[in-house]
Structures are given as C-alpha cells and as structure tokens.
Amino acid sequence: MNNTDTVGGGTLPRRFADLSTGLKMLAIISVALIPLGLIALLASLQSNRTADLQRRADLRVAVTEVSRKLGGELGADISALTVAADTVATGGTNDEACSRLQTILRSRTARPSGFAVVGTDNQLACATGEYRLVTPPFLPELASPRAVFRNGGIDIRVFSKSGTAAAVAHYPANVISSFVRPIGIPIPFSLTLLGESDELVLTTHDIPYLRSTEKFETPVGLLGLSLRMSVDRAPISATELLLTFLPLVMWASAAAVSFLVVDRLLIRPLAELRAGIAGLQPGERYTMPRIRTPAREIRELAETFGRVGDTLTAHEIDLATALSNQTKLTREVHHRVKNNLQVIASLISLHARGVPAGETAEAYASIQRRVDALAIVHRNHYAELEDGGISMKSLIDELGTNLRSGFAVRGPAPPILTATPTLRVSQDVAVPVAFLLTELAELSMAIDPTAPLTIRVSTGQAINRATLSIQSAGLRAGDALTERLNNRYGRIVDGLSRQLRVPLIHDGDIGRYEIEIQTHPQEVT
C-alpha cells in the first residue's frame with residue numbers, strides 16, 4: 001500500500017495548511033523554541049544533579065571528619081586507661097594510677113560518665129560514677145581493647161600487658177552524640193555507632209512518609225567501630241524547581257506572547273478587514289468599517305479598500321444606468337420591428353385582396369404567413385427580455401392560430417392541434433422553428449387541404465433538449481410530396497434544419513416530421 005499521501009506531501013501538509021495563521025505561528029514558534037527549551041532544561045537538570053552530588057560529598061566529608069575525631073579522642077582515652085591498668089598490674093599505687101587517669105579523662109572533650117580500674121583477683125582499685133556501686137565484670141586475660149555496648153552507651157575495656165589488671169570507661173550515647181555532631185549540616189540526620197554485632201543510636205530524626213534516605217558509613221579506626229549517618233534525600237526546593245522548569249515557562253511564555261502579538265496586530269485586523277470587504281453589495285454605496293489596530297499598514301490597506309469600494313460602487317451605478325437605457329432601447333427597437341412587420345403583413349393582405357384568386361393570391365398568402373411567423377417571434381422575443389426566454393407554448397399556440405386564419409382565406413381551414421409543455425427557447429431557435437412549422441404546414445395544405453395538423457413538443461431524458469414534431473396525412477410519403485419537396489419546399493426545410501444544427505427526421509408512413517431543439521437551460525420543466 002502506498003503511503004505517500006500521508007508522508008511528505010499529503011494529509012499532514014494539507015492539514016497544516018488548513019490551520020489558521022495564529023495556530024500556524026504558534027506551531028512554528030513552538031517547534032523553533034522547543035530545542036532551546038530542552039537544552040536549557042537539560043542544563044538545569046545537570047546543574048541540580050551536580051549540586052546534589054556536591055551536597056553528598058560534603059555530607060561524606062563531614063561524617064568522615066567526625067569519625068576521625070571520635071577515633072582520636074577514644075584512642076587517647078584508651079592509652080590513658082592502658083597506662084592505669086599497667087600501673088596497677090606492676091604494683092604501683094592505686095591512688096597514683098587513679099588520680100592520673102581521672103585527671104586525663106576529665107580533660108577530654110568526650111568525657112566518660114564513669115571509669116574503674118580493677119586489679120588482680122578482681123579487686124577494685126578505684127571507681128567513679130556507676131562503677132562505685134557495681135564492680136564491672138572482669139576476667140583477667142591477655143586481650144586487646146574492646147568496646148561493649150550496654151546501658152545506652154559503650155564501655156571501653158582495656159587490659160594490662162600482663163593481663164592481670166583492667167580498666168573500663170563508660171560513654172553514654174548523648175556524650176558521644178554531642179562530640180560527633182557534624183557542624184554545618186542544615187538538614188536533619190541520624191547518627192549510629194556500629195560495632196561488630198551491636199549498634200548504638202546517637203541521634204535520630206523523624207523520617208517523612210514516602211521519603212527515601214541516604215546512608216554514609218565511615219570506620220572510626222579502632223575497636224572495630226564505625227559511624228553511620230542517615231539523612232533524608234534533599235528535597236527539591238522552590239528555587240531548584242523554578243530553575244528546572246524556567247526554560248519551559250520561558251518557552252510557553254514566548255509562544256503565548258508571539259501568538260497574542262500576531263493575533264492582535266495581524267490576524268484580528270485582517271479578519272475585520274475581510275468581514276468589511278464581504279459587506280460590499282452590488283449597487284449599494286459601500287462604507288468600509290473602521291479597523292482598530294496599531295498596525296499602520298493594515299489601516300492604510302483598509303482605507304485603500306474603502307476607496308476601491310467607492311469606485312466600484314460608482315462604476316456599478318453607471319453600468320446599471322447604461323444597462324437600463326440599453327434595455328429600453330432594445331425594447332423599443334424590437335417593438336418597432338414588430339410594428340413594421342405587422343404593417344408589412346397588412347400591406348400584403350391589402351394587395352392580396354385586390355388580385356383575383358390563383359397563383360398570385362397564393363403567393364401573397366404564402367408571403368404573409370411567413371411575415372406573420374416572424375412577427376410572432378419578435379412579439380414573443382419582446383417578452384423574452386422580461387422572462388428570460390421565448391415561451392414555446394405561446395409561440396406555437398399563436399402560430400397555429402395565425403396559420404388557421406391564413407388558410408381560411410381560400411376555404412375551410414383544417415384543425416391545427418398543439419401540445420406544448422411550459423419551456424423556453426432562445427430567439428436563435430424560435431425563428432427557424434416558426435419558419436419550419438410554417439413551411440411544413442403549408443406543404444401539408446398544398447397536398448391535402450383538409451388533413452388535420454398536430455404540432456407537439458415533448459421533453460426526453462436529455463438535459464435542455466426537446467423534440468418538436470408536426471404530423472399530418474398530407475405529409476405522408478408519395479409522389480405529390482416528393483414533387484413539392486424537389487420543386488420548392490425541400491431546400492427551405494433543409495436550410496432551416498441546418499440552421500438548428502440537427503437533422504430533420506421524416507416518417508413517411510405516418511406523415512410526421514420531427515427535429516430536436518435546444519431549450520433554455522434554466523426553464524425546462
């Protein structure tokens with residue numbers, strides 16, 4: 001199946017061409033600005049993505065810094081606890097070890113809520129805070145420092161080199177949280193201290209419904225601890241939304257402004273101008289309506305159309321006056337021709353009465369019948385100027401009446417029957433038809449003076465065509481008909497049929513002549 005009518009030069013271009021100028025302008029501007037808008041939108045999205053990546057990098061740096069800070073702080077405390085445990089294990093005085101340890105721990109930023117030093121045989125060397133009431137469980141062994149999660153905090157436990165003494169310090173969650181809080185983080189976050197199998201929530205926040213979070217986890221660097229920060233994904237701010245959709249808003253604004261400008265300055269004034277021009281009516285004085293538009297060129301065009309309309313109106317008035325005068329003159333000419341033909345017919349009739357009966361009288365009567373036929377055509381042609389065509393019914397009825405009157409001069413006239421529908425013909429058809437009927441009627445009378453005549457007009461399937469027929473017993477084929485056609489009537493009827501541009505058909509068996517004629521295009525019924 002060939003689709004060339006829908007691609008390249010078919011339906012789509014035709015539909016675009018059928019659009020109004022305003023919609024075409026809007027479509028063209030939209031197509032022209034969309035690439036620029038998409039480029040700006042992609043650039044804005046890339047800028048937002050870059051800013052988001054930078055925000056994540058800043059958060060990761062912040063949690064890394066506080067993790068290192070916590071590792072350094074705890075590392076110093078572990079060193080102090082190890083020194084105290086070694087002092088007790090090697091036989092040093094408890095007061096000396098505990099006093100030094102207390103001085104060091106109190107000077108730390110992440111200050112523990114309590115500490116204790118346990119010597120050999122689980123003997124408490126010194127204790128502060130909660131450890132005064134409960135001796136921390138201790139199983140002397142050779143082990144590295146470790147962190148134990150309990151009571152909403154962590155215990156940092158260290159052992160002496162010999163494994164016979166130990167020291168412990170407890171750090172509540174709020175102490176560690178205040179120490180590791182990142183500085184300069186404007187969004188809510190959660191901090192969790194992770195061990196090998198336990199975790200301690202330092203800071204928490206409410207997570208909005210249907211909002212995802214991001215997690216950043218960084219090792220502290222000792223005791224197998226890690227610090228994890230959870231933050232909500234940064235929501236898109238109003239500024240970011242504006243920057244993201246600003247190109248689309250600019251595209252829509254540019255297209256709308258362009259459409260409004262073209263519509264107000266060009267399309268609407270032209271529509272008003274078209275409506276004003278459409279109001280021009282022939283024969284009426286034309287007044288161009290005032291076009292309100294800032295476009296000076298369109299106002300000047302409207303003024304020009306107004307002047308042209310005045311000129312056309314004046315010319316139409318002049319033409320109408322000239323046409324009216326011409327119509328009056330034509331009517332007068334036809335009226336005079338008709339009167340002159342009637343005068344000629346009267347003169348012929350007067351001369352015919354002054355001659356004895358015979359060939360001369362027959363010649364006068366024959367001439368009179370033809371002049372009468374022409375006069376009938378002119379009389380009906382005068383009506384044609386009013387009604388738009390010569391009525392075939394009036395023409396044939398009047399012609400039949402005149403023929404009966406003419407034939408009655410030399411004796412009883414034969415009956416002439418007519419059957420004609422209401423239709424009209426031009427003068428070029430009416431004249432040869434009138435003469436043709438006169439010639440054939442006279443031919444019939446010359447052969448059989450008593451034979452009735454039937455003149456009929458019938459319409460067929462063809463548009464603007466009709467069939468004219470004349471039938472009589474005097475028109476049947478025979479020697480008398482052949483003689484008269486050869487001597488006189490044949491040349492005349494052949495000439496009249498050639499004038500009608502159709503052949504004349506003769507049916508000799510029934511005595512009928514028929515010919516097809518052209519009727520008036522708007523009056524066939």
Side-chain angles (χ1 to χ4, degrees), residues 344-345 348-349 351-353 355-377 392-393 395-420 429-458 466-517:
I344 293 173
I348 293 175
S349 178
H351 282 284
R353 294 174 185 175
V355 297
E359 293 184 0
T360 304
E362 287 295 332
Y364 272 116
S366 178
I367 294 173
Q368 184 180 1
R369 282 192 292 270
R370 287 157 179 78
V371 173
D372 285 341
L374 187 60
I376 291 172
V377 172
M392 281 293 291
K393 182 175 179 57
L395 175 65
I396 292 177
D397 290 346
E398 189 173 354
L399 184 62
T401 300
N402 279 3
L403 288 175
R404 283 194 298 269
S405 299
F407 291 147
V409 174
R410 56 185 179 181
I416 300 177
L417 305 177
T418 61
T420 308
V429 174
V431 171
V433 164
F435 282 130
L436 181 62
L437 292 176
T438 302
E439 294 293 333
L440 293 175
E442 187 173 300
L443 175 61
S444 174
M445 282 290 297
I447 297 174
D448 187 356
T450 62
L453 285 148
T454 301
I455 302 174
R456 186 185 304 274
V457 177
S458 59
T467 301
L468 171 67
S469 66
I470 179 169
Q471 182 176 344
S472 173
L475 298 178
R476 293 175 181 174
D479 295 337
L481 179 66
T482 303
E483 179 183 358
R484 282 174 172 76
L485 287 174
N486 292 335
N487 294 335
R488 176 180 176 183
Y489 294 97
R491 294 189 302 272
I492 298 175
V493 295
D494 288 343
L496 292 173
S497 65
R498 285 194 298 270
Q499 188 173 353
L500 291 172
R501 297 182 178 85
V502 288
L504 180 64
I505 300 173
H506 179 224
D507 188 346
D509 294 336
I510 61 175
R512 182 175 65 194
Y513 278 91
E514 65 180 17
I515 190 170
E516 193 176 66
I517 61 174

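- One finds the CZ atom of R491 at 11.0 Å from the CD atom of E439 (value rounded to the nearest 0.5 Å).
- Sequence neighbours left out, the pairs with a member in residues 475-512 that pass ring-ring contact (aromatic ring centres under 6.0 Å, His included) are H506-Y513.
- Partners of T482 by side chain to side chain contact (heavy atoms under 4.5 Å, CB included), not counting sequence neighbours, listed by chain and number: N486.
- Scanning all heavy atoms of the two residues, the minimum distance from M445 to P414 falls at SD-CG, 3.1 Å.
- The side chain to side chain donor-acceptor pair (under 3.5 Å) check on T401 picks up nothing, with sequence neighbours excluded.
- Every side chain to side chain donor-acceptor pair (under 3.5 Å) that D397 has, sequence neighbours left out, goes to T418.
- With rounding to the nearest 0.5 angstrom, the CG atom of L500 is 7.5 Å from the CG atom of L496.
- Between L453 and L440, every side-chain heavy-atom pair lies at or beyond the 4.5 Å cut-off.
- Between atom CD of residue E516 and atom OG of residue S458 there is a gap of 10.0 Å, rounded to the nearest 0.5 Å.
- Atom CZ of R404 and atom CG of L399 lie 10.0 Å apart (nearest 0.5 Å).
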Side-chain donor-acceptor pairs under 3.5 Å in residues 470-481, sequence neighbours left out?
from	atom 1	to	atom 2	distance (Å)
S472	OG	S444	OG	2.7
S472	OG	P452	O	3.2
S472	OG	G474	N	3.3

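- Looking at heavy atoms from C-beta onward, I396 lies in side-chain contact with L468 at the 4.5 angstrom threshold.
- Rounding to the nearest 0.5 Å gives a distance of 11.5 Å between CG of L443 and CG of D448.
- For T454, the side chain to side chain contact (heavy atoms under 4.5 Å, CB included) partners two or more places apart in sequence, or in a different chain, are L417, R456.
- Legend: residues meeting salt bridge (charged side-chain N to carboxylate O under 4.0 Å, His left out) with D494, ordered by chain and number and at least two apart, are absent.
- The minimum heavy-atom distance linking V493 with G490 is given by the pair CG2-O, 3.3 Å.
- T420 is linked by a side chain to side chain donor-acceptor pair (under 3.5 Å) to nothing, counting only residues two or more places apart in sequence or in another chain.
- In terms of the side chain to side chain contact (heavy atoms under 4.5 Å, CB included) criterion, residue partners of E483 (sequence neighbours excluded) are, by chain and number, N487.
- Residues that satisfy the side chain to side chain contact (heavy atoms under 4.5 Å, CB included) test with S497, not counting sequence neighbours, are L504, I515.
- For the pair L395 and A430, the tightest heavy-atom approach, listed with the atom from each and the gap, is CD2-CB, 3.9 Å.
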